[in-house]
Chemist: 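Can you read through this structure? Questions will come right after.
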Amino acid sequence: MATESHAASSPARIRLIQPDDWHLHLRDGSVLRHVVLDSARQFGRAIIMPNLKPPVLTLEDARAYRDRIRNALRLACEQAGADAMPSFEPLMTLYLTDRTTPDEIRRARDSGFVHGVKLYPAGATTHSDAGVTDLLGQCRTTLAAMQACGMPLLVHGEVTDPAVDLFDREAVFIERVMQPLRRAFPELKVVFEHLTTADGAAYVMQAEGPIGATLTPQHLLYNRNALFKGGLRPHWYCLPVLKRETHRLALLEAATSGNPRFFLGTDSAPHPRGAKEQDCGCAGCYTARYAMALYATAFESVGRLDRLEAFASKHGPAFYGLPPNPGALILERGGNPIPRDLPLGEDVVVPLAAGESLPWRVSQDAEQA
Ligand code: NCD
Ligand code: ZN
């Protein structure tokens, strides 16, 4: 990573190997057309979450969704009057259910374009009702096939037991699900998605075998006070929910530690404004458009901008067995005001930190390495 400045600790410009987003919700239809370019302008690739309605269950579903993403990107570029289409590769995933077969896993692996299978415990989050009811009871042969062919399991790590406090659901998941799972399948590649706790970070650091974890910008920048600042703040509500400050600090330490198990995954999850501002608002923060500026802000807050490139551009590809991107992305210092809302299909989406200004922005000078 190259930095340019008088004082190395506060560079004016940072040039990174082009980053990837290892956890992204792009949705479908007109929403997809409105959000896809926000990711493609920064990231070379993204792991595309399969929690559509209906979910992406089979290799054929994933192939069709990948085509829709590519078409949407083409259309979005035309509409934006872009001279050239950014090269952006959607890395597809399947949605694990009690009925996913080992054959489907092997076909998906052979396709070369499905890079993970997502575990949503049934009822844990947005569009998870088709998810898994009992992982080790229902999915053993499928997990065995995944382990055998090297297909990563991407885990939403929260228990759904209503008796467990919402803020403890990740920590309890480690004991009740993650540890038994990894004892039963020690060679299975696992990504602990959107980590939110010190317990999760400690687990990932010390665990044996192939494990990684994604970290979102909101969990690195905010604690749970953000949900209640001066009133109820639905645009800071996501799942797993923001935790207390000690957890945020542990996550920031993990992200900036240089440990290759931790990598970038925005969990950008657009919902129309009205779906969040209502009596039962949806979980999900829209972070894609300002993702790299948000991460740079978080890393700079602890004086670790020099570790951003490894987190954003190297650790993820290494875990997934892919080369780093050939291109580059330049971040420059300068006010980056986040608008109150952005167009989203026929509606609008309120981005994370709407109305605030970030100290970093993505440079418009496209540069290829
Ligand atoms: C995601 C969504 O809206 O699809 N929401 C969220 O709060 N993160 C689902 C998920 O990743 O849990
Ligand atoms: Zn997600």
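Order of listing sets the numbers, starting from 1, for every ligand and every atom in it. Since the structure is predicted, the reported quantities are computational estimates derived from the model, not experimental observations. Every heavy atom of this structure was used, including side-chain atoms; hydrogens, water molecules and symmetry mates were not.
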Chemist: Strictly by modelled atom types, are His156 and Glu193 linked by a side-chain donor-acceptor pair under 3.5 Å?
Modeler: no
Chemist: Using the side chain to side chain contact (heavy atoms under 4.5 Å, CB included) rule, pick out the option among Thr125, Asp267, Thr126 that qualifies with Leu239.
Modeler: Thr125
Chemist: Walk me through it: do Arg70 and Tyr65 pass the test side chain to side chain donor-acceptor pair (under 3.5 Å)?
Modeler: CA-CA 9 Å; Arg70 288 174 165 170; Tyr65 187 27; over 6 Å; no
Chemist: For ligand 1, is Glu193 a contact, meaning one of its heavy atoms is under 4.0 Å away?
Modeler: no
Chemist: Quiz question: by atom type and distance under 3.5 Å, do the side chains of Asp38 and Tyr286 form a donor-acceptor pair?
Modeler: yes
Chemist: Which residue and atom name correspond to the protein heavy atom nearest atom 5 (N) of ligand 1, and how close is it?
Modeler: Ala283 O, 3.1 Å
Chemist: When you measure from atom 2 (C) of ligand 1 to each heavy atom in Met49, Arg27, Lys118, which option holds the nearest one?
Modeler: Arg27
Chemist: Which protein N, O or S atoms lie under 2.8 Å from the Zn ion (ligand 2), given by chain and residue number?
Modeler: His23 NE2, His25 NE2, Asp267 OD1
Chemist: Tell me every residue that passes side chain to side chain contact (heavy atoms under 4.5 Å, CB included) with Arg45, counting only those two or more places apart in sequence or in another chain.
Modeler: Asp20, Glu89, Leu91, Pro317, Leu322, Pro323, Asn325
Chemist: Got an N/O contact under 3.5 Å between Gly284 and ligand 1?
Modeler: yes
Chemist: Taking Thr196's backbone N and O only, do any of them form a donor-acceptor pair with Glu170's side chain (distance below 3.5 Å, no angle check)?
Modeler: yes
Chemist: Given that the side chain starts at C-beta and the backbone is N, CA, C, O, which of these parts of Lys276 lies under 4.0 Å from ligand 1, counting heavy atoms, or is it both or neither?
Modeler: neither
Chemist: Side chain or backbone, does Asn51 bring an N or O within less than 3.5 Å of an N or O on ligand 1?
Modeler: yes
Chemist: What protein heavy atom sits nearest atom 8 (N) of ligand 1, and how far off is it?
Modeler: Asp267 OD2, 2.7 Å
Chemist: Which residue supplies the protein heavy atom nearest to atom 9 (C) of ligand 1, what is that atom called, and how far is it?
Modeler: Thr125 OG1, 3.4 Å
Chemist: With a 4.0 Å cut-off on heavy atoms, does Glu158 reach ligand 1?
Modeler: no
Chemist: Are any of the N or O atoms of His25 closer than 3.5 Å to those of ligand 1?
Modeler: yes
Chemist: Measure across Glu356 and Tyr222 and return the closest heavy-atom pair with its distance rounded to 0.1 Å.
Modeler: OE1-OH, 3.2 Å
Chemist: Ligand 1 versus His194, non-hydrogen atoms closer than 4.0 Å: side chain, backbone, both, neither?
Modeler: side chain
Chemist: For atom 7 (O) of ligand 1, find the nearest protein heavy atom and state the residue, atom name and distance (0.1 Å precision).
Modeler: Leu239 N, 2.7 Å
Chemist: Could you say whether the N/O atoms of Cys238 and ligand 1 ever approach to under 3.5 Å?
Modeler: no
Chemist: Quick one: does ligand 1 sit under 4.0 Å from the side chain of His127, the backbone, both or neither, non-hydrogen atoms only?
Modeler: neither
Chemist: Side chains of Thr58 and Glu60 only: does a donor on one sit below 3.5 Å from an acceptor on the other?
Modeler: no
